[in-house]
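Each remark here refers to the structure printed beneath this line.
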Amino acid sequence: MSDFRGLIVAVSGPSGVGKGTVLARVEELLEQANPGSVGHSISVTTRAPRGQEKDGVEYYFRTTEQFEQMIKDGKIVEYDKYVDNYYGTPSDPLTEMVGKGQDVLFDITIEGSLALNRKFDDDTVTIFILPPSMEVLENRLRGRGTETEEKIRKRMEQAKAEIRRAGEFEYIVTNDDLERAARDILAIITAEKLKASKNIHTAKELE
Ligand code: 5GP
């Protein structure tokens with residue numbers, strides 16, 4: 001058990017920018033340095049499971065009625081709609097993980113990141129991930145090979161709208177190279193933990 005509270009690392013960015021891959025690498029590096037230090041928040045969603053996805057592993061899959069009931073009961077700390085489905089973060093597990101010193105990494109919508117930052121202020125850092133260029137982003141979206149021209153055009157429009165909001169975040173990281181982006185995020189996490197406001201009690205003990 002750590003003396004320090006964990007950090008909520010809320011990461012947003014356009015679809016295709018590589019958030020998932022970068023966060024997986026960040027988690028690997030954090031776990032290497034300090035095993036058991038990363039906690040996992042399992043979101044609740046109203047979308048249907050894909051492929052091998054299982055309830056309680058990738059997501060808690062719920063109906064819209066169940067989701068709305070959870071909101072009413074105060075069990076969801078933030079939620080947003082993404083492509084016609086609800087996605088939300090359960091409150092209790094997050095509070096518990098942060099309380100016992102685990103860092104929790106989120107790949108989450110813009111509204112989700114900003115809501116976590118409002119609710120958990122001192123415990124949260126918000127990071128926006130940019131593609132190195134719009135061409136690279138478009139190529140990555142095309143590389144998936146599953147999308148129609150119309151869908152790619154829509155995703156690029158949405159990406160531009162999202163990138164216009166990057167300034168609402170505390171940090172901006174460009175994913176031109178996976179390893180570098182992951183290390184940039186590690187540096188942000190380290191800096192956040194070294195903030196005087198979080199360490200003043202250590203200084204006081206030395207007085
Ligand atoms: P997918 O359907 O591909 O699993 O997720 C779509 C998007 O929903 C993700 O890229 C992520 O940004 C967002 N998302 C997943 N869980 C949450 C959540 O708990 N809250 C919010 N606000 N967004 C989420």
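Counting convention: from 1, in listed order, for ligands and their atoms alike. Below, all heavy atoms of this structure are taken into account, side chains as well, without hydrogens, waters or symmetry copies.
With a 4.0 Å heavy-atom cut-off, ligand 1 is reached by no atom of Glu58. Contacts of Phe106 with ligand 1, taken as heavy-atom pairs under 4.0 Å, are absent altogether.
A salt bridge between Asp84 and Arg47 is absent, with no side-chain N of the basic residue lying under 4.0 Å from a carboxylate O of the acidic one. A salt bridge links Arg183 with Glu179; the closest basic N to acidic carboxylate O contact falls under 4.0 Å. Here Lys204 does not pair with Glu207 in a salt bridge; the nearest charged N to carboxylate O distance is not below 4.0 Å. With respect to the salt-bridge test (charged N to carboxylate O, under 4.0 angstrom), the residues Arg153 and Glu150 qualify.
Near Gly112, with a cut-off below 4.0 Å to any heavy atom, the atoms of ligand 1 are 22 (N). Those atoms of ligand 1 that come under 4.0 Å of a heavy atom in Asp80, given as number and element, are 22 (N). In the vicinity of Gly88, heavy-atom distances shorter than 4.0 Å reach the ligand 1 atoms 18 (C), 19 (O). Set against the non-hydrogen atoms of Arg47, the atoms of ligand 1 under 4.0 Å away are 1 (P), 2 (O), 4 (O).
Under the 4.5 Å side-chain heavy-atom criterion for ILVMFWY residues, a single connected hydrophobic cluster contains both Tyr171 and Val26.
The side-chain contact (heavy atoms from CB on, under 4.5 Å) test with Ile8 is passed by exactly one of Val98, Val77, Thr89, Ile108: Val98. No option in Val125, Ile188, Asp103 other than Asp103 meets the side-chain contact (heavy atoms from CB on, under 4.5 Å) test with Lys193. With Val104 as reference, Leu94 is the one residue of Leu94, Thr124, Val38 to meet the side-chain contact (heavy atoms from CB on, under 4.5 Å) rule.
Of the protein's non-hydrogen atoms, Ser43 OG, 2.7 Å is the one closest to atom 19 (O) of ligand 1. If you check which protein heavy atom lies closest to atom 10 (O) of ligand 1, you get Asp107 OD1, 3.5 Å. Regarding atom 13 (C) of ligand 1, its nearest protein heavy-atom neighbour is Thr109 CG2, 4.0 Å. Nearest to atom 3 (O) of ligand 1 among the protein's heavy atoms is Arg50 NH2, 3.3 Å. When only non-hydrogen protein atoms are considered, atom 5 (O) of ligand 1 lies nearest to Tyr59 OH, 3.2 Å. Protein heavy atom nearest atom 21 (C) of ligand 1, with residue, atom name and distance: Ile108 CG1, 3.2 Å. The nearest protein atom to atom 20 (N) of ligand 1, hydrogens excluded, is given as Glu78 OE2, 2.7 Å; this is a heavy-atom distance. For atom 24 (C) of ligand 1, the closest heavy atom belonging to the protein is Tyr87 CB, 3.6 Å.
No donor-acceptor pair under 3.5 Å is formed between the side chain of Thr174 and the backbone N or O of Leu130.
The shortest N/O to N/O separation between Tyr82 and ligand 1 does not fall below 3.5 Å.
Under a cut-off of 6.0 angstrom, the local environment of CZ in Arg165 is crowded, with over 12 non-hydrogen atoms contributed by other residues, nucleotides or ligands.
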